[in-house]
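Have a look at the structure below, then the notes.
These figures come from a predicted structure and were not determined experimentally.
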Amino acid sequence: MRPKTQNPFNLKLLIFGVFIAFFLLFVLRSRFTSSDQNPTLTSETSPLKDTKVTKKAEKATNCVPSCTKIPPSLVQAIIHYTTSSITPQQTMKEISVTAKVLEKKSPCNFLIFGLGHDSLMWSALNHGGRTIFLEEDEAWIKQIKTRFPMLESYHVTYDSKVNEANALIEVGKGIECTSTGEVKHSMCQLALKSLPSEVYDIKWDLIMVDAPTGYYEEAPGRMTAIYTAGMMARNREDGETDVFVHDVNREVEDRFSREFLCDGYMRKQEGRLRHFRIPSHREGLEKPFCP
């Protein structure tokens with residue numbers, strides 16, 4: 001999730017447009033809520049009560065602008081992305097895939113493997129929900145938190161390496177890895193069992209895997225993150241989880257997303273981003289690992 005500087009103008013237009021769309025949706029929701037809460041007048045209401053109700057209604061009407069003004073988190077995000085020369089790593093079209101799902105599901109629970117300059121964008125687009133970032137680099141966490149202290153991020157460690165991918169994908173085919181259950185109690189070598197407790201306790205609506213580092217042989221790679229994301233989705237009590245994997249142009253991300261998130265659950269691929277929608281497997285424990 002580290003940034004790069006390709007096509008900054010186009011990405012800024014996209015991000016600004018998405019923020020405006022979410023803001024308009026926020027305003028409309030607020031106005032509908034406000035109108036629902038206004039008292040209903042009846043023909044039996046006394047003149048004195050009419051006057052009081054009218055004054056209350058006028059006061060409520062005068063409150064609407066302050067109740068629907070743009071949230072501080074969106075303000076900061078818009079200012080940051082319109083003034084920064086650093087743009088998110090994902091392309092305009094790739095960002096749009098997740099943004100469309102967020103538009104339907106937010107506010108929701110959004111788990112992201114990775115922390116970067118696009119993190120403020122994801123957090124703002126999930127305004128009112130909970131967005132958690134998991135990052136391997138403690139120094140990077142401190143740097144981002146200095147600029148964006150409102151972001152909820154946690155340091156995590158990985159004991160895998162990219163050069164172990166071939167062996168790990170075979171391990172993942174065993175019964176201990178394909179059985180649905182709590183990830184933190186899993187016997188599978190691919191399961192991440194030392195994540196913060198919050199990660200295991202929350203039912204995630206969206207999960208994005210854009211970390212850890214995976215572009216050289218000794219890097220931790222995303223094998224365990226992809227597997228864990230898939231098993232968290234399968235183990236939720238009910239419903240579906242949208243899972244996104246970035247950098248699927250690389251061998252590990254390509255093979256592991258197909259193996260553990262399944263082609264049958266894939267909804268879309270845009271550039272280097274794949275979108276999977278995985279249903280709960282707890283409702284039918286005999287459901288095959290992949291459809």
Side-chain angles (χ1 to χ4, degrees), residues 1-4 6 88-91 94 111-119 132-144 153-179 181 183-196 199-200 207-235 243-266 269-276 278 289-290:
M1 291 183 71
R2 297 300 176 85
K4 65 180 183 180
Q6 287 187 354
Q89 184 180 0
Q90 295 185 28
T91 67
E94 290 167 355
L111 177 66
I112 301 178
F113 287 85
L115 180 69
H117 290 284
D118 57 354
S119 299
I132 289 181
F133 302 91
L134 304 179
E135 172 60 40
E136 68 199 277
D137 188 340
E138 283 189 283
W140 184 245
I141 292 176
K142 291 179 181 178
Q143 183 178 339
I144 294 297
S153 58
Y154 298 93
H155 177 244
V156 295
T157 58
Y158 301 88
D159 56 9
S160 58
K161 292 183 179 181
V162 171
N163 57 24
E164 300 170 342
N166 288 334
L168 287 174
I169 204 166
E170 293 303 318
V171 167
K173 297 176 181 179
I175 186 65
E176 69 278 6
C177 294
T178 56
S179 301
V183 172
K184 62 182 176 181
H185 300 310
S186 174
M187 298 300 292
C188 181
Q189 186 180 344
L190 281 164
L192 292 171
K193 298 183 280 287
S194 58
L195 298 176
V199 176
Y200 301 112
I207 303 177
M208 178 178 288
V209 180
D210 205 359
T213 307
Y215 59 86
Y216 60 95
E217 288 294 297
E218 295 297 315
R222 299 177 186 173
M223 301 82 68
T224 55
I226 292 171
Y227 171 83
T228 299
M231 296 311 292
M232 284 181 170
R234 289 178 175 87
N235 192 56
V243 182
F244 305 87
V245 179
H246 194 230
D247 296 316
V248 295
N249 56 307
R250 301 193 302 216
E251 183 179 2
V252 166
E253 285 80 355
D254 175 38
R255 292 178 62 197
F256 275 74
S257 65
R258 290 183 180 278
E259 183 72 28
F260 299 111
L261 305 182
C262 306
D263 285 336
Y265 291 141
M266 191 189 304
Q269 176 167 342
E270 181 62 62
R272 297 170 296 154
L273 183 82
R274 279 188 191 144
H275 171 207
F276 301 83
I278 303 176
F289 189 81
C290 286

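Of the N and O atoms on the side chains of Thr213 and Glu136, at least one donor lies less than 3.5 Å from an acceptor on the other residue. Inspection of the Asp118 and Gln90 side chains reveals no N or O donor paired with an N or O acceptor under 3.5 Å.
With a 6.0 Å radius and a threshold of 12 heavy atoms from other residues, nucleotides or ligands, Asn249 has its CG atom above the threshold. Residue-environment remark: NZ (Lys193) exceeds the threshold of 12 foreign heavy atoms within 6.0 Å. Annotation for Gln189: atom CD does not count as buried by contact number, only 12 or fewer foreign heavy atoms lying within 6.0 Å.
Under 4.0 Å is where a charged nitrogen must lie from a carboxylate oxygen, and between Glu253 and Arg250 at least one such pair does. Remark: Arg255 engages Glu251 in a salt bridge, criterion side-chain N to carboxylate O under 4.0 Å. Between Glu94 and Arg272, at least one side-chain N (NZ, or NE/NH1/NH2) sits under 4.0 Å from a carboxylate O, which counts as a salt bridge.
Checking side-chain atoms of Ser179 against main-chain N and O of Glu176 turns up no donor-acceptor pair under 3.5 Å. No donor-acceptor pair under 3.5 Å is formed between the side chain of Trp140 and the backbone N or O of Glu135. Between the side chain of Thr224 and the main chain of Ala191, no donor-acceptor pair closer than 3.5 Å is present.
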One pair to check against side-chain contact (heavy atoms from CB on, under 4.5 Å): Leu261 and Val245. What are the steps and the verdict? CA-CA 10 Å; Leu261 305 182; Val245 179; 3.5 Å; yes
Under the side-chain contact (heavy atoms from CB on, under 4.5 Å) rule, what do Leu168 and Leu190 come out as? Steps first, then yes or no, please. CA-CA 7 Å; Leu168 287 174; Leu190 281 164; 4.0 Å; yes
List the steps, then state whether ring pair (Phe, Tyr, Trp, His ring centres under 6.0 Å) holds for Phe276 with Tyr265. CA-CA 5 Å; Phe276 301 83; Tyr265 291 141; 8.5 Å; no
Any chance you could lay out the side-chain contact (heavy atoms from CB on, under 4.5 Å) test for Leu134 and Ile132, step after step, and finish with the verdict? CA-CA 7 Å; Leu134 304 179; Ile132 289 181; 4.1 Å; yes
Does Glu170 form a salt bridge (charged side-chain N to carboxylate O under 4.0 Å, His left out) with Lys173? I'd like the steps, not just the answer. CA-CA 5 Å; Glu170 293 303 318; Lys173 297 176 181 179; 3.3 Å; yes
Could you go through Asp247 and Arg222, starting from their C-alpha distance and side-chain angles, then the distance that decides it, and tell me whether this counts as side-chain contact (heavy atoms from CB on, under 4.5 Å)? CA-CA 10 Å; Asp247 296 316; Arg222 299 177 186 173; 2.9 Å; yes
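Nearest heavy-atom pair across Met223 and Ala165 is CG-CB, 4.2 Å. Gly271 and Gln269 get closest at one heavy-atom pair: O-NE2, 3.2 Å. Pairing each heavy atom of Ala225 with each of Pro212, the nearest pair is CB-CD, 4.3 Å.
Summarising the geometry, atom NZ belonging to Lys161 is positioned 9.5 Å from atom OH belonging to Tyr216; distances are rounded to the nearest 0.5 Å. Leu192 CG to Ile226 CD1: the interatomic distance, rounded to the nearest 0.5 Å, is 11.0 Å.
Counting heavy atoms from C-beta on, the side chains of Met232 and Tyr200 come closer than 4.5 Å. Contact of the Phe260 side chain with the Ile169 side chain is registered, since non-hydrogen atoms from C-beta on lie closer than 4.5 Å. The side-chain heavy atoms of Phe244 and Val209, taken from C-beta on, include no pair separated by under 4.5 Å.
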